[in-house]
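First comes the structure, then the notes that go with it.
A, B, ... follow the sequence lines: proteins, then strands. Residue 1 opens every chain.
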Amino acid sequence: MNKEKIIEGLLKLSASITILTTIGILYVLLSESISFFKEVSILEFLTDKEWTPLFVNKHFGILPLVMGTLLTTFIAVSVAIPIGITIAIYLSEYAPNKFRKIVKPLLEILAAVPTIVYGFFALVVVTPFLQSFIPGMSGFNSLSAGIVMGIMIIPYVSSLSEDALRAVPKALRNASFGMGATRLQTAFKVMVPAASSGIIVSIILAFSRAIGETMIVAIAAGQQPRLTLNPLVPIETITAYIVQVSLGDVAHGSLEYKTIFAAGITLFLFTFILNNISYYIRKKFKEQYE
Amino acid sequence: MKNKLEAKNVSVFYDDFQALNNINMSFEENAVTALIGPSGCGKSTYLRLFNRMNDYIESFRLEGEILIDKKNIYNKNIIVEDLRKNIGMVFQKPNPFPKSIFENVAYGLRIQGIKNKAILRIKVRKALQQAALWDEVKNDLDKSALTLSGGQQQRLCIARTLAVEPSIVLMDEPTSALDPIATAKVEKLIYELKKEYTIIIVTHNMQQAKRISDYTAFFYMGDLIEYNKTEHIFTNPTHDRTQNYITGRFG
Amino acid sequence: MNNSKVNRIKDKAFNYFGIFCTLIGLVILAFFIGNIFYDGITRIDWDFLTALPSRKAEKAGILTAWVGSIWIVVFTFLIVVPLGIAAGIYLEEYGKKSKLSELLEVNISNLAGVPSVIYGLLGLEIFVRVLGMGNSILAGSFTLALLVLPIVIVSSREALKAVPKSIRLASFALGSSKWQTIWHQVLPASFGGILTGVILAISRAVGETAPLIVIGALAYVPFTPSSPMDEFTVLPIQIFNWISRPQHEFTVNAAAAIIVLLIITFTMNGIAVYFRNKWQKKINW
């Protein structure tokens, strides 16, 4: 009896490590950021249009990094979402079973390739290719980074959306076919609306994944924080900034050191909000079919 | 008497398994024909031949001909979607779409490209009236169809089917998921509908077949054993198997 | 043309569009990988695998990088496997429907979505500084272990969930305690699924770059580590370092190192998929 209790206690402890991890993340981000904001006002952080903590003339406006992050994210999801959802619809409504069984694990490869490899693709293959017909394009830019990131994210969208479509009762599909609807009409008028919450979850996760992606943008998008929507010029994302600072020799406790935590907490807030929205939609959606 | 549908030398295979064995049968217009037999006898497969719902099964193969108004519906030049607009189907379990009551009934019209709101309203109302559901839902047309009771949902599915004005309605055990009161309503409805439609119904319930059908066909292990006027089948069946089945000795 | 014919054409068109979308990503990836092999395959030889890093591209090798990756993988494995499986067992077998498990569930789902670079910041403060591990293999392993922990927990839970109740009941009926039942019946039955999750998690850890850069793993390490407290580099960081250099020779080195990294990643994923398929066939009880 006693042994059983001890084992249960140990298991519970292991599970609780995950809570400690969250507390650790929050503690680390908050404590360093708070000490950052003692030196830099939140107002400056949120409104200054320049981010130059590593220069002599220091500015601490997060907006250029946020803009860079949103720009690459937007490019990535405009690739991943339409393609991913089309794949999901094709696989669940059209594809022969055999084809689906072969293609699904292949698509997973897209997400399994290390991001450093995608970064290489973006810089060494995609950018020169795009430069050949977009003359003014810089060697570092958000367009190649975003497109390549989008390709990487495709399976996140397609697999979750396909799961959602498959969870819709078959009877609805049959009813629609029985009334003379084509597969396309059935897909868009019955199946997609019925699976909408799951599909929305996959879209949110795609955003969250793109916002947090680091190596592709660190390699291919540049290191120049810039408040721009131009996808052809170098920019810098929050994640790339953290990597840039980590690569250099920045003394612990210095203001430069603290900037990566201030940037980190901004990034964390974005993904935390998106993840929670998707978690609650998913939970609601589960109840709907139970 | 006019023959609406005909099955000629029909056999069905799933890979090597033969599900139906050389069926020959014709169906009378504006009559209710019941298909009965023990589970797995092929009656549902047979029913789904008439609107080609078996086409989605990869291993499915058909020999013979299915004729509707003398035309083979498995001909290459037949557009399946058009065929199904003429042949409605009601399924075992009520399967309304997760949309409003109105949109459920309007679905078939919309996929045909009808956008005119006035026409939609008239047709939806007519279909709901035919399905004897109008009085119960006329004030709640915008409510989700999933808020209806099981029996109401099934009548909604019937209304959905009728809205596109088919000439034939296939019903696959339409009352098997319903309670006795809802079942009685649906049966009464079927009886009314045969004035305008040719109805083929698969049922497990002998009493139901007896109550609502004009003709009854008894299937056993992929064979059509006996097909005749319902009163004849139930009072004086030719085959022992039929006799045994309808009296509940097996099945 | 009537309405149905138009609808039919649209339907067909979408079919081809779907095939196109399904294949486009794969074709691009295949092209990329082909390109990399073309660039890098001739650079791979025994010297490349066994040479120390160098400022001269043609002399530089990946010895310290792949040895460092192996150290990291082994220690990440040792940390994450007991923790992840234990947490999975707790959530699936013990803590069901309690307030704690609800909290754990939201929390794990959240952790799975935290960007990897944030884990780097966590590791930098907690493992490197507060716990005094420095820029060591151990600090890197703990950081990556926390990063992939949600993967192991979630897949362990899935695997445990797939074991039918009847097996548990049969074991209880024979007088086994809860833990005996889990240890002797449920865990062995779910082994394949858990293993799949662990391999996928480790494969993810092999390819991670950002968190290790943040905790201060070095790009240039002139020796192979001999203890978990040593400084280290890993393959992805070596690749990153070479990509960042403008000279073409280093790009070729990067391509060659990527080939090695991809072979490791694909082999691990292949094994994971193999186990998953084998196990899924088995659990069709």
* Can you tell which part of Ile213(C) gets under 4.5 Å to a heavy atom of chain A, answering side chain, backbone, both or neither? => both
* Asked: In terms of heavy-atom pairs under 4.5 Å with chain C, which of Leu205(A), Leu110(A), Val79(A), Ile154(A) leads?
  -> Leu110(A)
* **Portion of Ile243(C) that has a non-hydrogen atom of chain A nearer than 4.5 angstrom** => both
* Asked: Should the pair Lys178(C) and Tyr94(C) be classed as cation-pi, given the thresholds of under 6.0 Å to the six-membered ring centre and 45° from the axis?
  -> yes
* To do: Examine whether an atom of Thr18(A) lies under 4.5 Å from a heavy atom of chain C, and if so say whether it belongs to the side chain, the backbone or both; otherwise answer neither.
  => both
* Segment of Tyr156(A) engaging chain C (4.5 angstrom heavy-atom cut-off) -> neither
* To do: Using only heavy-atom distances, determine whether the side chains of Thr196(C) and Tyr274(C) contain a donor-acceptor pair under 3.5 Å.
  => no
* Structure fact -> Highest number of heavy-atom pairs under 4.5 Å with chain A among Val206(C), Val273(C), Leu103(C), Ile258(C) belongs to Ile258(C)
* Give, as side chain, backbone, both or neither, the part of Ala255(C) having an atom under 4.5 angstrom from any heavy atom of chain A. => both
* Output yes when Glu105(C) and Arg157(C) qualify as a salt bridge under the 4.0 Å nitrogen-oxygen rule, no when they do not. => yes
* **Val106(C), part contacting chain A, at a heavy-atom distance under 4.5 Å** => both
* Toward chain A, the part of Leu83(C) with a non-hydrogen atom under 4.5 Å -> both
* Close side-chain approach of Thr69(A) to Phe270(A), heavy-atom, < 4.5 Å -> no
* Which atoms of Leu200(C) approach chain A - backbone, side chain, both or neither, heavy atom under 4.5 Å -> neither
* **Choice from Phe268(A), Tyr279(A), Tyr280(A), Phe99(A) maximising heavy atom contacts with chain C below 4.5 Å** => Tyr279(A)
* Asked: How about Phe188(A) and Phe14(C): are their ring centroids closer than 6.0 Å?
  -> yes
* **Ile260(A), part contacting chain C, at a heavy-atom distance under 4.5 Å** => both
* Tell me, for Phe120(A) versus chain C, whether the close heavy atoms (under 4.5 Å) come from the side chain, the backbone, both or neither. => both
* Sort out for me which of Ser177(C), Gly120(C), Gly25(C) touches chain A most, counting heavy-atom pairs under 4.5 Å. => Ser177(C)
* Structure fact -> With chain A, the option among Ile33(C), Leu100(C), Ile215(C), Ile36(C) that has the most non-hydrogen atom pairs under 4.5 Å is Ile36(C)
* Asked: Which bit of Glu93(A) comes within less than 4.5 Å of chain C, counting heavy atoms only: side chain, backbone, both or neither?
  -> neither
* Asked: Checking Ser244(C) against chain A: side chain, backbone, both or neither under 4.5 Å from a heavy atom?
  -> neither
* chain A heavy atoms under 4.5 Å from Ile85(C): which part of the residue, side chain, backbone, both or neither? -> neither
* Checking Ile238(A) against chain C: side chain, backbone, both or neither under 4.5 Å from a heavy atom? -> neither
* **Max heavy-atom pair count under 4.5 Å with chain A, selected residue of Ile237(C), Thr209(C), Ile24(C), Leu91(C)** => Thr209(C)
* What part of Glu32(A) is in contact with chain C, defined as an atom under 4.5 angstrom from a non-hydrogen atom: side chain, backbone, both or neither? -> side chain
* Asked: chain A heavy atoms under 4.5 Å from Leu261(C): which part of the residue, side chain, backbone, both or neither?
  -> side chain
* To do: Check whether Asn7(C) gets within reach of chain A through its side chain, its backbone, both or neither, counting any heavy atom under 4.5 Å.
  => both
* Asked: With a 4.5 angstrom heavy-atom cut-off, which part of Thr214(A) approaches chain C: side chain, backbone, both or neither?
  -> side chain
* **side chain to side chain donor-acceptor pair (under 3.5 Å): pairs with one or both residues in residues 250-261 of chain C, sequence neighbours excluded** => Arg43(C)-Asn253(C)
* Side chain / backbone / both / neither for Thr271(A) at chain C, heavy atoms under 4.5 Å -> side chain
* Pick from Arg204(C), Arg129(C), Lys10(C) with the largest number of heavy-atom pairs that fall under 4.5 Å of chain A -> Arg129(C)
* Structure fact -> Under 4.5 Å to a heavy atom of chain A? For Asn35(C) that would be side chain
* State, with a plain yes or no, whether a side-chain heavy atom of Leu111(C) is found less than 4.5 Å away from one of Leu149(C). => no
* To do: Would you mind checking which part of Val243(A) comes under 4.5 Å of any heavy atom in chain C, side chain (CB onward), backbone (N, CA, C, O), both or neither?
  => both
* Structure fact -> side-chain contact (heavy atoms from CB on, under 4.5 Å) with Ser161(A): of Ile87(A), Val201(A), Ile85(A), Ile203(A), only one passes, and it is Ile85(A)
* Asked: Who among Leu29(C), Asn15(C), Leu146(C) has the most heavy-atom pairs with chain A under 4.5 Å?
  -> Asn15(C)
* Side-chain heavy atoms of Phe32(C) within contact of Val27(C), under 4.5 Å -> no
* To do: Below 4.5 Å from any heavy atom of chain C, which atoms of Val126(A) appear? Answer side chain, backbone, both or neither.
  => side chain
* Structure fact -> Contacts satisfying side chain to side chain donor-acceptor pair (under 3.5 Å) that involve residues 117-130 of chain A (not counting sequence neighbours) are Thr127(A)-Ser144(A)
* **Interface moiety of Phe20(C) toward chain A, non-hydrogen atoms closer than 4.5 Å** => neither
* Structure fact -> Okay, Ile151(A) and chain C: the region with an atom under 4.5 Å from a heavy atom over there is side chain
* Given a strict heavy-atom distance threshold of 4.5 Å, which part of Leu107(A) is in contact with chain C: side chain, backbone, both, or neither? -> both
* **Interface moiety of Ile17(A) toward chain C, non-hydrogen atoms closer than 4.5 Å** => side chain
